Amino acid sequence: MSETIIEVNNLKKQFKNSLAVNNLNFKITKGTIIGLLGPNGCGKTTTIGMMLGLIKPTSGAVFINGQNIENEKNRTNILEKMNFISPYIELPKKLTVEENLKVYGRMYGINNLKEKIFNLMKELNLLDFKKRKTGELSSGQKNRVSLAKALINDPEILLLDEPTASLDPDVGDYVRTYIENFASRKGKTILLASHNMSEVERLCHEVMMMKNGKIIDKGTSSSLVSKHGRKNLEEVFLKIVRE
Amino acid sequence: MKFNRMYALSLRHLYLIKGSFPRILDLIYWPTIQIVLWGFISQFFTMHSDYYNNTIGVILSCAILYDFLFRSSISFNMLFLEEIWSRNFTNLFIAPLKVSEIITALTTTALLRTLVGIIPAILLMSPFFGVSLLQMGPPLFLLFLSLYLFGTTLGLLVTSGLLRFGPAFENTAWSSLFLLAPLGCVYYPLSILPEWLQIIAKVLPLVYIFEEARSILINNVVNYSNITSALILNLVYFISAIIIFYIAFAGARKKGTLINVGE
């Protein structure tokens, strides 16, 4: 039987004058890759923020492995098994790649850290840059370092907010392939917020479409395409956004 | 609280300092300049004023004590601002760090950062101006402890503002101590202030610390009631600042600023 790893119940977030997330409900099964699609400002990042305990919901709850993230005691236990990448957050630029990974490895209490860092750097082709300052790297290299940091704790749940934004097609494809292999090899759960429809079609088992803080449709990419009578997911996205 | 998590946060800042000679220089430069400047001013006063006769160390010692306070507070603020400037802020709050661990790590790292700057300045005092802070004896440790607590308290209050209001609060980080310095009676006795200001000044631990420093240096008298008053006030303010930090953290989560703090 499929095991629910993330459960979002009646989640709502009201900022001063706007309702960012409006009564959201969904469950994510362990070992799946779920896409979260929607136009800018539809509430994707706020939803991810609440799943990470960074934003306090106005009402409702997020349960990770059956534990409410809002409970301070649960929060640290949950975060030990999660990680997050976003193009809007960076690692300290003045620290070397190796130093950054050492810092976060210790923060997550990783055993055999030296070996773990070596393996990650080898897998992500970072060994040549390990003594370089992170700020001196190209955006593609920085992206791989952020990915290494996000995988340092071998997370059960990985939240990816536009992981390939601003990357050239080659590096973007490299990252997508790596995520695909990582998820299939280790049975990890991934929530992917993206504006890249081909990326979502390629990686995700299921897609949730958000608009105005609500999930307005969900299903596999192919089921959404046929349900809306369109050629591909991008056309489905445009139809839903413009309706 | 877990040691490895606090150590990791400290390590991040130690790597930053270790990897940058200009940063180390910057830490040492200002306290040293302070000592040289106040050293010459003290010498001038000693030669031309009866009040300061035989008390060359008073102004210089108070200057270094005040600089220790200033560095403690600024160091705490800087550690926090570095996370905002480098856009690493969110990474910390999605790591399994407790707020208590963040406070402890920043407090201890700020002390290390302060000592890197202040120790060379203290060592320069004796050969250049014939003044040693150690002549104050064991109470010196209690005065430093009080100043460190107050500096950390100010750091906590400013970072609470940064958490709650974002980088726009940065200017307050730099100006907070300048506002309190006149009331702290660092270089002059409390009696210089108008009576109504004396009432406000007595609410600050600084007055007791610097009155005590002068009492030891000028009269060779240790007044433990001043030291006790300073420590009690400091503990009250320190605990209040921790509570305010927790409230600011809760406010930042409510407002959603933890996920998009940046320049």
Side-chain angles (χ1 to χ4, degrees), chain A residues 13-16 20-21 45-46 48-58 70 72-73 75-96 98-100 102-111 113 131 133-135 146 149-150 152-153 155 159 161, chain B residues 1-24 78-102 105 109 163 246-263:
Chain A
K13 183 62 193 178
Q14 171 87 50
F15 291 115
K16 265 185 186 171
V21 172
T45 304
T46 305
I48 289 175
M50 288 191 280
M51 292 170 78
L52 287 163
L54 287 171
I55 299 176
K56 186 180 171 63
T58 306
E70 278 303 299
E72 183 57 32
K73 276 187 185 167
R75 191 174 168 270
T76 359
N77 292 336
I78 292 170
L79 290 177
E80 275 175 358
K81 294 164 194 147
M82 284 175 91
N83 223 315
F84 173 56
I85 304 178
S86 163
Y88 308 109
I89 57 174
E90 291 178 13
L91 291 166
K93 299 171 193 67
K94 302 289 180 193
L95 266 60
T96 66
E98 193 178 33
E99 286 170 347
N100 266 316
K102 274 185 187 171
V103 165
Y104 280 97
R106 285 184 188 277
M107 215 173 269
Y108 283 90
I110 306 305
N111 296 324
L113 184 58
K131 298 288 179 197
K133 292 203 169 148
T134 310
S146 293
K149 175 259 157 190
I152 194 91
N153 60 331
L159 305 180
D161 190 7
Chain B
M1 289 203 284
K2 285 195 177 170
F3 175 77
N4 66 305
R5 300 199 284 236
M6 294 185 282
Y7 176 64
L9 188 52
S10 298
L11 192 63
R12 176 256 188 272
H13 291 285
L14 296 178
Y15 278 144
L16 188 67
I17 296 170
K18 189 196 77 168
S20 167
F21 178 68
R23 275 175 206 272
I24 298 172
M78 278 297 293
L79 297 178
F80 207 78
L81 281 165
E82 290 278 7
E83 306 300 1
I84 295 176
W85 292 333
S86 64
R87 297 174 71 198
N88 183 45
F89 197 75
T90 307
N91 274 325
L92 292 182
F93 288 103
I94 59 159
L97 272 173
K98 291 179 180 166
V99 174
S100 56
E101 290 166 346
I102 293 175
T109 315
L163 261 179
Y246 271 91
I247 293 170
F249 179 72
R253 286 190 62 232
K254 201 174 168 188
K255 215 177 156 192
T257 47
L258 292 181
I259 204 163
N260 58 6
V261 169
E263 281 184 274

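Naming: A, B, ... by sequence-line order, numbering from 1 per chain. Every value quoted in this text rests on a predicted model; they were computed, and no experiment measured them. Heavy-atom basis, side chains included; hydrogens, waters and symmetry copies ignored.
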Problem set entry | Trace of the side-chain contact (heavy atoms from CB on, under 4.5 Å) decision for B:L92 with A:Y104 | CA-CA 9 Å; B:L92 292 182; A:Y104 280 97; 3.7 Å; yes
Supply the atom-to-atom distance [X] [atom1] to [Y] [atom2], rounded to the nearest 0.5 angstrom.
X: B:L16; Y: A:K93; atom1: CG; atom2: NZ; value: 11.5 Å
X: B:Y15; Y: A:K133; atom1: OH; atom2: NZ; value: 13.5 Å
X: A:K94; Y: B:W85; atom1: NZ; atom2: CH2; value: 12.0 Å
X: A:L79; Y: B:I94; atom1: CG; atom2: CD1; value: 8.0 Å
X: B:K98; Y: A:E72; atom1: NZ; atom2: CD; value: 7.5 Å
X: A:L113; Y: B:N4; atom1: CG; atom2: CG; value: 10.5 Å

Side chain / backbone / both / neither for [X] at chain B, heavy atoms under 4.5 Å:
X: A:K81; result: neither
X: A:T45; result: both
X: A:K16; result: neither
X: A:F84; result: both

Problem set entry | Partner chain A: residue of B:N88, B:V99, B:L11 with the largest heavy-atom pair count (under 4.5 Å) | B:N88
Problem set entry | Greatest number of heavy atom pairs closer than 4.5 Å to chain A - which of B:E82, B:E101, B:K255 | B:K255
Exercise. Which answer fits B:F93, side chain, backbone, both or neither, if we ask what part of it has an atom under 4.5 Å from a heavy atom of chain A?
Worked result: both
Exercise. Contact part of B:K18 toward chain A, heavy-atom cut-off under 4.5 Å: side chain, backbone, both or neither?
Worked result: side chain
Exercise. Donor-acceptor pair, B:K254 side chain versus A:F15 backbone, under 3.5 Å?
Worked result: no
Among [options], which has the most heavy-atom pairs under 4.5 Å with chain B?
options: A:N100, A:L52, A:L95; answer: A:L95
options: A:G135, A:G49, A:P92, A:S86; answer: A:P92
options: A:N77, A:L91, A:V103, A:L54; answer: A:L54

Seminar exercise, completed: Tightest non-hydrogen contact, residues A:Y108 and B:P96, listed as CE2-CD, 3.3 Å
Exercise. Looking at B:A8 and A:R106, what are the two nearest heavy atoms and their distance?
Worked result: CB-CB, 3.7 Å
For this session: Any chance you could lay out the side-chain contact (heavy atoms from CB on, under 4.5 Å) test for B:M6 and A:M107, step after step, and finish with the verdict?
Result: CA-CA 8 Å; B:M6 294 185 282; A:M107 215 173 269; over 6 Å; no
For this session: May I have the step-by-step check of side-chain contact (heavy atoms from CB on, under 4.5 Å) for B:R253 and A:E70, ending in yes or no?
Result: CA-CA 11 Å; B:R253 286 190 62 232; A:E70 278 303 299; 2.4 Å; yes
Exercise. Yes or no on side-chain contact (heavy atoms from CB on, under 4.5 Å) for B:R5 and A:T76, after CA distance, side-chain angles and deciding distance?
Worked result: CA-CA 11 Å; B:R5 300 199 284 236; A:T76 359; 3.9 Å; yes
